[in-house]
There are 2 protein chains.
Amino acid sequence: MTIHHQPDREAPGKDLIDAVRAFNRFYTRQIGLLDEGLLKSAFSLTEARVLYELAHRDDLTATDLGRDLGLDAGYVSRLLKKFERRHLISRSTLASDARQSSIALTKAGREAFAPLNKDSHNQVAALLSRLPASEQHRLVKSMRTVQGLLGESAEPKVPYLLRPLQVGDIGWIIRRQGMLYAQDYGWDETYEALVAEILSAFVKSFDPKWERSWIAEREGEVVGSVFIVRKSDQVAKLRLLYVEPSARGLGIGKRLVEECIGFARARGYKTLTLWTNDILTAARHIYQAAGFKLIEEEAHHSFGKDLVGQTWDLDL
Amino acid sequence: MTIHHQPDREAPGKDLIDAVRAFNRFYTRQIGLLDEGLLKSAFSLTEARVLYELAHRDDLTATDLGRDLGLDAGYVSRLLKKFERRHLISRSTLASDARQSSIALTKAGREAFAPLNKDSHNQVAALLSRLPASEQHRLVKSMRTVQGLLGESAEPKVPYLLRPLQVGDIGWIIRRQGMLYAQDYGWDETYEALVAEILSAFVKSFDPKWERSWIAEREGEVVGSVFIVRKSDQVAKLRLLYVEPSARGLGIGKRLVEECIGFARARGYKTLTLWTNDILTAARHIYQAAGFKLIEEEAHHSFGKDLVGQTWDLDL
DNA sequence: CCATTAACTTGACTTAGTCAACTATTTTGG
DNA sequence: CCAAAATAGTTGACTAAGTCAAGTTAATGG
């Protein structure tokens, strides 16, 4: 396991840049087409965007609108004045700040927005229904990906959370471990198979009193995991510690190991043991920092490589 | 598993429509941001789009530009006149039609476009380099998908391709099968564990002469799989047939089964057998259509449910 | 309590885009 | 082959969309 303290930011290739630019041109046109759909309505695209925001969010101020939609403050002011003259919105000065006011659609405003909203809905429905259902899902999934990647990657307040195993996790862990070690160390598919075997056995013989799993999740995605299995009354074994490259540097590895140690102590185990390979230096640092001692090493040939296995123990 | 023989055009659900609309709003803003980048240049976004087209395509007419960029003919005429006055473009009347002329950038035009192009390139490069390399690829892939689906939908010539197993596949299959059967039939995590066990054993004892796997891949994603394992000299067993919901209706399930049958015949097996559950009706239709006969049924309790297992055989 | 900043507002302006009428060609249908 | 219709492009007259800078009022941090 390689731990970077900063996720890498890499200079993109020309082909990637060109693809993004092509997409931008394409979508500029696409939005132009959608805009045309509004032509017959009483509102411009920008007005419709403002109405949309007002219809879907509460307690907006003029500044909020300008910032979120990328509009000039003066322009927003005029738009709102126009809306107010037509009794589509009402403004109430904020108690906390007399310069600002909270803007809300009036009943008339909602009524004016409804057909607009409906047209837009129908237009998109028409667009989508040209595709078979499976493609519709692919489209939306890809859009969500784009939006997720380009959008405010507002670092989540809780950078990750730990939870127990659920359906789908073990497959994911098997895949990611298999791929990571194949990529970083050239291990072959037998490593992925080994992980599958370990996790299959873990689930099948799972004993909740003596065993436990922790999955680190971040924005709905698995970014790390660790497992404790019972070797004997006295000895627990820590297995399959792993952290996604994209989530390294957040202390997830350390936290997972700490959880294991805490659990093992609480259950009265005397020793926590683990097996790893010497090339996995980042993981080793975590074990050392947690107080594990190297017990023995032996060379072995596995996963298509010559490796040096290590056993580490921690007295609890 | 539901198999459609014609891709359905289905009325999209509200959640899909809302997701697309959210994306449209998001990207409208995104393009607005990119537009701001042009502010300091001598050209507006529309002018830049026209220049881009002129720089990258030959023999454009005014009508072509208007059509492809969604611009008013009068406006295009004026833009071109302005460019011509500044000696950025030259026009030559077409021999075939004296009303039209072919428009091309002059040297000065290319020189004026170059910094614009470079700025746009750099801007996109900056955007991309905020993401780690793997995310950059995910972004571009998703953009291509969106563009492919919404654009002049030239149906992909190869809707899917078959390939053998590679690292990461078995984890993915374990995950997806676990999740699908949990979702559709309420099976618990022991099913996922069973799939893990089967695939682990498949990889570990893999005998290329007698066994084989097929992964159906579409745009780089696994959308289906099937495995053949050797039970004896005479008998091959088909295992873990599965097609992603998003890729159903393309005949992938049928194709995977056909591949198995072809392989089993070629290797001289006498019987192809498989085990399934009666509730998996879509899979059963495939097996029946391929000539499999139901040999026996027995009730069993697995994966947290009462099920009826079925054995199907095909004489080769 | 004063200087600075933030949240608007307003006047004066430019740019972007639309619409309809027009000319010059080309295409089409009898 | 010709009249009518359509297409390519141009132009005048216009409106909508957006910008900029200077102003007013209120909040904030020493």
Side-chain angles (χ1 to χ4, degrees), chain A residues 28-29 31-51 53-54 59-86 89-104 116, chain B residues 28-29 31-51 53-54 59-86 89-104 116:
Chain A
T28 299
R29 180 80 188 97
I31 287 166
L33 291 173
L34 295 171
D35 191 8
E36 279 170 28
L38 285 169
L39 268 182
K40 56 181 184 300
S41 88
F43 300 98
S44 73
L45 174 61
T46 305
E47 288 171 331
R49 291 171 72 204
V50 169
L51 288 177
E53 291 298 314
L54 291 173
D59 292 319
L60 281 170
T61 65
T63 309
D64 292 336
L65 281 169
R67 179 183 12 81
D68 295 351
L69 300 179
L71 304 174
D72 176 83
Y75 187 40
V76 171
S77 175
R78 251 181 275 269
L79 278 185
L80 292 178
K81 188 188 279 179
K82 195 159 98 187
F83 285 164
E84 202 168 24
R85 263 204 310 274
R86 291 162 66 185
I89 61 168
S90 62
R91 291 195 250 201
S92 58
T93 305
L94 290 189
S96 60
D97 185 339
R99 293 169 307 177
Q100 303 185 71
S101 43
S102 168
I103 303 160
L116 206 67
Chain B
T28 299
R29 178 79 187 98
I31 286 165
L33 291 174
L34 296 171
D35 191 8
E36 279 169 28
L38 285 168
L39 270 181
K40 59 184 184 296
S41 88
F43 301 99
S44 72
L45 174 61
T46 305
E47 287 171 331
R49 291 170 72 201
V50 169
L51 287 177
E53 291 298 313
L54 291 172
D59 292 319
L60 279 170
T61 65
T63 309
D64 292 336
L65 281 170
R67 180 183 12 82
D68 294 351
L69 300 179
L71 303 175
D72 176 82
Y75 186 41
V76 170
S77 175
R78 251 181 274 269
L79 279 185
L80 293 177
K81 188 187 279 178
K82 195 159 97 188
F83 285 163
E84 203 168 23
R85 263 204 309 275
R86 291 162 66 184
I89 61 168
S90 63
R91 292 195 248 199
S92 58
T93 304
L94 289 189
S96 60
D97 185 339
R99 292 169 307 178
Q100 305 184 71
S101 43
S102 168
I103 303 160
L116 207 66

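Any value given below was found using the heavy atoms of this structure, including those in side chains, with hydrogens, waters and symmetry copies removed. Below, chains carry the letters A, B, ... as their sequence lines are ordered, and counting in each starts from 1.
Overall bending of the helix from C:dC1-D:dG30 to C:dG30-D:dC1, expressed as the angle between end axes built from five pairs apiece, is 40° (10° steps).
Bracketed by its first and final contacts, the part of DNA chain D lying under 4.0 Å from non-hydrogen atoms of chain B reaches from D:dA6 to D:dA13 in 5' to 3' order.
Among residues two or more places apart in sequence or in another chain, the salt bridge (Lys or Arg N to Asp or Glu O under 4.0 Å) test is passed with A:R99 by A:D97. The side-chain contact (heavy atoms from CB on, under 4.5 Å) test applied to B:D35 returns B:L38, B:L45, not counting sequence neighbours. Residues forming a side chain to side chain donor-acceptor pair (under 3.5 Å) with B:S102 (at least two apart in sequence, or on another chain): B:D59. Not counting sequence neighbours, A:E36 has no partner by the side chain to side chain donor-acceptor pair (under 3.5 Å) test. Residues passing the side-chain contact (heavy atoms from CB on, under 4.5 Å) test with B:L54, sequence neighbours excluded: B:V50, B:L60, B:L65, B:I89, B:I103, B:L105. Applying the salt bridge (Lys or Arg N to Asp or Glu O under 4.0 Å) rule to B:R29 yields no partners; only residues at least two apart in sequence or on another chain are considered.
Of the two residues near DNA chain D, A:T46 and B:S102, the one whose nearest nucleotide lies more 5' is B:S102. Nucleotides of DNA chain D nearest to A:A98 and A:K82 differ in position, and the one nearer the 5' end is that of A:K82.
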Fill in the blank from the handout: Under a 4.0 Å heavy-atom criterion, the protein footprint on nucleotides 6-14 of chain C, written with B, S and -, is BSSBBBB--

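The side chain to side chain donor-acceptor pair (under 3.5 Å) analysis of residues 62-71 of chain B, with sequence neighbours excluded, yields the pairs B:R57-B:D68, B:T61-B:D64, B:D64-B:R67.
For B:L79 and C:dT15, the CG to C1' distance is 11 Å, given to the nearest whole Å.
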Pair up each side-chain donor or acceptor in residues 72-81 of chain B with any protein partner under 3.5 Å, not counting sequence neighbours, and list the distances.
unit_1	atom_1	unit_2	atom_2	d
B:D72	OD2	B:G74	N	2.9
B:D72	OD2	B:Y75	N	3.0

